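Owing to the predicted nature of the structure, the values given are computational and were not obtained by experimental measurement. Proteins come first, then strands; the chains are lettered A, B, ... in the order of their sequence lines, and each starts at number 1.
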Amino acid sequence: MENINQLLAVKRQKLEKLKNIGVDPYPTRSARTHKIKVLIDNKDDYISSEEVVTITGRLKAMRRQGKVGFGNIADDSGNMQIFVKKEKVGEENYEVFKLLDLGDFVQIKGVCFVTQRGEFSIRAHVVTVLGKSLLPLPTVKEKIVDGKKQRFDEFTDIELRYRKRYLDLLLNPEVKQTFEIRAQIIKEIRSFLDEKGFMEVETPILQSLYGGANARPFITHHNTLNIDLYLRIALELYHKRLIVGGIERIFEIGKNFRNEGMDRTHNPEFTMLELYQAYADYNDMMNITEDMILHIAKKVFNKDVVIFGDTEISFKKPWKRASMTELIKEESGFNASNFDFEKIKKFCEDNGIEVEKTAGPGKLIEALFEKFVEPKLIQPTFVIDFPKEVSPLAKVKPGHPNLTERFELFINGNEYGNAFTELNDPVDQRERLEAQSKLREMGDTEANVVDEDFLEALEYGMPPTGGLGIGIDRLIMLFTNNTSIKEVILFPQMKPEE
RNA sequence: GGGGGUGUAACUCAGCGGUAGAGUAUCUGCCUUUUAAGCAGAGAGUCGACGGUUCAAAUCCGUCCACCCUCACCA
């Protein structure tokens, strides 16, 4: 505490000194003429023309030596050496330069040149303070060894990185790059869907009933209406209302909130893409999933593969499509396709899978799938034909009363997407939601609730529809080779300090 | 929730029963082409918190807190 007070006091003193010599440490205007990258990309031109340019940025390094000093400033395009000579800027301006600290925002007006050591630099005519910092930035130094950047005293404390993401972005360039890629991926999703005629929509986050997924919600309260409201756990039910309303292709990229455990693939708020297409089914959704992810890979990375850890994931079409019971048979040798509850139950128990009292054969089949199959699905795989029991919003597969036209996309052992041929029969939908409601009464806190308003919408008539949801954060983890969701969310949930 | 790990200066870390350490950053002095600038000097710490053992605790023990890893739970 003493120490930080001391560092802080020094910075405040410098602030006062600047004011005393008539310098505004927080001027209202700046006057940049060039971004740093522009100068670097056209070095030779700026050196030979001796054009007077003005750059701005944060002071990231300082090497003073008496009547001359070197520093580095960075804007969002690059980093450049500055050279300040007392003789050139004059006595008064050199005093200003001497009062600068690492972390301050500065403006340098001058001309480009190359130093004796061969570094492209700007020779200052005028040094201007744009924003004085009052807290010291952690210091990271870099040295180039054999052409490779070696970094010293890196800012690596994971907790600090997440809690003070602004410092993380400032000091760790690869972190900034991750979020640039995130933005590009989302932009490419939008442009892909726009191209295909999907309209972007926004639906309520505050909902008086929640649905569309099996999850526990966050609850909040609206004072004027004096009612409890839920933060949405999925986008699904409102999107279907829009399909009822005659919009044939819609999508939304937005936050969902689930009041559940947190780990390296779960954050309580996370970003979901959902899209719905009238007159389509789950086969169309598989095609669109393949095309969209391949589109991202090509547009953002100019490749049709991605390296995740030691594994090369290929997005080349077609991706494997296999039914859940087929895959279970392949991996465990057990045939569950006849939905024989007693046999399945016994096989589960023999394999150490806990059987909940509300579970029927469908739920057990899903449990077998998770145990035997999921971790083995490394290359993109559409797992199709889920049990009806665990798919209350999906349409039954013709000729297979226990199955639905539903798939989940697995890559690298993780789920990335979920899609169905949507259930548009209002009578069937009511029965399924009521069955969920019974499970709920028996203690399943994640079962769906009956949403009368949604059912009423279905009763007005919904066309045959395909729907798809993709977890955006996980997709970005895949493309940026990150194993923790906290690395792809700017401000991940943390416990408050103290 | 179970198991494992980490927490010491602003940053990165060493110390692991006997006076709290290093590099960077900061401050002072010298330095007109440096680049992890250099040289000389200085200041800077409730050793995560609270208890206990001990003549003596950053160090050993216990409880708690935060974060990380892992298993379980969960999309």
Side-chain angles (χ1 to χ4, degrees), chain A residues 1-11 13-14 60-72 79-89 94 101-103 113-121 123 133-145 149-164 167 171 212-216 233-234 256-268 270 272 352-354 356 366-367 370-371 374 390 408 410 414-418 444-446 469-471 473-474 483-487 492 494-498:
Chain A
M1 210 57 196
E2 266 316 297
N3 187 27
I4 191 73
N5 284 341
Q6 183 195 39
L7 293 176
L8 205 141
V10 166
K11 282 173 161 273
Q13 279 165 23
K14 288 183 181 173
K60 302 268 275 198
M62 182 67 103
R63 298 173 292 280
R64 283 186 231 270
Q65 19 178 339
K67 296 186 179 65
V68 71
F70 296 86
N72 284 80
N79 180 316
M80 181 170 181
Q81 179 164 270
I82 63 169
F83 175 63
V84 182
K85 198 174 179 180
K86 189 173 186 178
E87 213 170 64
K88 183 75 191 173
V89 300
Y94 202 75
D101 287 309
L102 295 181
F113 76 112
V114 175
T115 64
Q116 285 178 7
R117 293 288 182 91
E119 180 154 344
F120 180 63
S121 308
R123 186 194 312 273
S133 65
L134 293 179
L135 283 171
L137 284 178
T139 44
V140 177
K141 297 207 168 189
E142 287 179 348
K143 184 185 186 180
I144 295 175
V145 181
K149 259 188 193 168
Q150 198 178 336
R151 298 170 72 196
F152 299 83
D153 298 339
E154 291 187 89
F155 182 71
T156 52
D157 184 289
I158 288 175
E159 186 179 351
L160 276 179
R161 285 186 46 230
Y162 296 155
R163 287 194 193 278
K164 300 187 192 296
L167 294 180
L171 300 168
N214 296 338
R216 283 154 61 188
I233 59 171
N256 283 345
F257 306 84
R258 298 189 183 174
N259 205 341
E260 290 170 350
M262 292 162 60
D263 61 30
R264 68 181 196 290
T265 56
H266 297 84
N267 195 62
F270 62 99
M272 191 82 171
I353 295 170
E354 204 178 311
E356 291 167 46
E366 195 181 36
E370 284 168 11
K371 181 180 169 82
E374 247 188 56
V390 294
E408 287 191 345
F410 284 85
N414 286 310
E415 188 209 326
Y416 285 81
N418 183 17
D444 183 348
T445 53
E446 292 178 355
I470 289 182
D473 307 289
R474 288 185 188 174
T483 53
S484 168
I485 199 168
K486 289 189 165 81
E487 293 291 345
M494 304 284 281
K495 273 198 197 175
E497 289 176 287
E498 293 164 341

Is any side-chain heavy atom of A:N267 less than 4.5 Å from a side-chain heavy atom of A:D473?
no

Expressed as a whole number of Å, how far does the C1' atom of B:C27 sit from that of B:U32?
23 Å

Separation of B:C74 atom P from A:D263 atom CG, nearest Å, is 12 Å

Pair assignment for B:C55, Watson-Crick or G-U wobble, requiring both distances under 3.5 Å:
B:G18

When both distances are under 3.5 Å in a Watson-Crick or G-U wobble arrangement, the nucleotide paired with B:C27 is B:G41

Could you tell me whether A:R64 contacts a base, only the sugar-phosphate backbone, or nothing, with contacts defined as non-hydrogen atoms closer than 4.0 Å?
base

What is the distance from CG of A:L134 to P of B:A10, rounded to the nearest Å?
17 Å

Using atom NZ of A:K141 as one end and atom P of B:G23 as the other, report the distance to the nearest whole Å.
13 Å

Report the base-pairing partner of B:G7 (Watson-Crick or G-U wobble, both distances below 3.5 angstrom), or none.
B:C65

A:N72 side, atom CG; A:E142 side, atom CD - distance, nearest 0.5 Å
9.5 Å

A:L135 CG to A:K164 NZ distance, which is reported to the nearest 0.5 Å
8.5 Å

Pick the P atom in B:U12 and in B:C68, then give their distance to the nearest Å.
15 Å

First locate atom CG of A:L134, then atom NZ of A:K11, and finally report the distance between them rounded to the nearest 0.5 Å.
7.0 Å

Checking all strands, does A:K486 fall into the base, sugar-phosphate, or nothing category for heavy-atom contacts under 4.0 angstrom?
sugar-phosphate

By nearest nucleotide on RNA chain B, pick out whichever of A:R216 and A:M262 is the more 5' one.
A:M262

Working to the nearest 0.5 Å, report the span between CG of A:D101 and NZ of A:K14.
3.5 Å

Here the distance between atom P of B:C74 and atom CG of A:N414, to the nearest Å, is 16 Å

Could you tell me which non-hydrogen atom of A:I485 sits nearest to which non-hydrogen atom of A:T265, and how far apart they are?
CD1-O, 3.7 Å

From B:A10, B:C68, B:A66, nucleotide with atom closest to A:I158 side chain
B:C68

Taking NZ from A:K495 and C1' from B:C64, how many angstroms apart are they, rounded to a whole number?
11 Å

When rounded to the nearest 0.5 angstrom, what distance separates CD in A:E366 from CD in A:E408?
7.0 Å

Nearest heavy-atom approach of A:Q81 to A:S121 is NE2-OG, 3.0 Å

Give the nucleotide from the list B:C74, B:G43, B:C68 with an atom nearest to the side chain of A:H266.
B:C74

With distance as the sole test, does A:Y94 use its side chain to make a donor-acceptor pair with the main-chain N or O of A:K88 at under 3.5 Å?
no

Testing the 3.5 Å rule here: is there a donor-acceptor pair between the side chains of A:E487 and A:Y162?
yes

Report each atom pair, protein N/O against N/O of nucleotides 1-7 of chain B, whose distance is under 3.5 angstrom.
none

Applying a 4.0 Å non-hydrogen cut-off, can you work out what A:N72 is touching in the nucleic acid: base, sugar-phosphate, or nothing?
nothing

By the 4.0 Å heavy-atom rule, please label A:E408 as base, sugar-phosphate, or nothing.
base

Taking atom P in both B:A36 and B:G62, what distance in whole Å separates the two?
47 Å

N/O contacts under 3.5 Å, protein versus nucleotides 11-13 of chain B?
{"unit_1": "B:U12", "atom_1": "OP1", "unit_2": "A:D157", "atom_2": "N", "d": "3.3"}

Protein-nucleotides 32-34 of chain B N/O pairs closer than 3.5 Å?
{"unit_1": "B:U32", "atom_1": "N3", "unit_2": "A:E87", "atom_2": "OE2", "d": "3.4"}
{"unit_1": "B:U32", "atom_1": "O4", "unit_2": "A:E87", "atom_2": "OE2", "d": "2.6"}
{"unit_1": "B:U33", "atom_1": "O2'", "unit_2": "A:Q116", "atom_2": "OE1", "d": "2.3"}
{"unit_1": "B:U33", "atom_1": "O2", "unit_2": "A:Q116", "atom_2": "N", "d": "3.0"}
{"unit_1": "B:U33", "atom_1": "O4", "unit_2": "A:R123", "atom_2": "NH1", "d": "3.2"}
{"unit_1": "B:U34", "atom_1": "OP2", "unit_2": "A:R117", "atom_2": "NE", "d": "2.6"}
{"unit_1": "B:U34", "atom_1": "OP2", "unit_2": "A:R117", "atom_2": "NH2", "d": "3.3"}
{"unit_1": "B:U34", "atom_1": "O4'", "unit_2": "A:Q65", "atom_2": "NE2", "d": "2.8"}
{"unit_1": "B:U34", "atom_1": "O2", "unit_2": "A:R63", "atom_2": "NE", "d": "2.8"}
{"unit_1": "B:U34", "atom_1": "O2", "unit_2": "A:R63", "atom_2": "NH2", "d": "3.4"}
{"unit_1": "B:U34", "atom_1": "O2", "unit_2": "A:Q81", "atom_2": "OE1", "d": "3.4"}
{"unit_1": "B:U34", "atom_1": "N3", "unit_2": "A:Q81", "atom_2": "OE1", "d": "2.9"}
{"unit_1": "B:U34", "atom_1": "N3", "unit_2": "A:Q81", "atom_2": "NE2", "d": "3.0"}
{"unit_1": "B:U34", "atom_1": "O4", "unit_2": "A:Q81", "atom_2": "NE2", "d": "2.7"}
{"unit_1": "B:U34", "atom_1": "O4", "unit_2": "A:T115", "atom_2": "OG1", "d": "2.6"}

For the C1' atoms, the ones on B:U8 and on B:A58, what distance do you get once it is rounded to whole angstrom?
7 Å

Using Watson-Crick or G-U wobble geometry with both distances under 3.5 Å, which nucleotide pairs with B:U33?
none

Closest nucleotide among B:A66, B:A10, B:C27 to the A:D101 side chain:
B:C27

Evaluation steps, side-chain contact (heavy atoms from CB on, under 4.5 Å), between A:T115 and A:F83:
CA-CA 9 Å; A:T115 64; A:F83 175 63; 5.5 Å; no

Nearest-Å distance once atom C1' is located in both B:G17 and B:U54:
9 Å

Which whole-number value in Å describes the distance from A:M62 CE to B:G38 C1'?
16 Å

A:L102 CG to B:A36 C1', straight-line distance once rounded to whole Å
13 Å

Value rounded to 0.5 Å, distance of CZ in A:R474 from NE2 in A:H266:
4.5 Å

From NZ of A:K143 over to P of B:G23, roughly how many Å is that when rounded to an integer?
17 Å

Other residues, nucleotides, ligands: >12 heavy atoms within 6.0 Å of A:R161 CZ:
yes

Is the distance from OP1 or OP2 of B:C67 to the nearest side-chain N or O of A:R163 less than 4.0 Å?
yes

Please measure how far the C1' atom in B:C39 lies from the corresponding atom in B:C13, and state the result in whole Å.
25 Å

Hey, does A:E374 reach any base, or is it just sugar-phosphate, or nothing, if we go heavy atoms under 4.0 Å?
base

With P as the reference atom in both, quote the distance from B:G7 to B:C60 in angstrom, rounded to an integer.
11 Å

Using the P atom as the reference point in each nucleotide, state the distance between B:A37 and B:U59 in Å, no decimals.
37 Å

Strictly below 4.0 Å: does A:K14 bring a side-chain N or O up to OP1 or OP2 of B:C27?
yes

Smallest heavy-atom separation, A:R163 atom then A:K495 atom, equals NH1-O, 2.6 Å

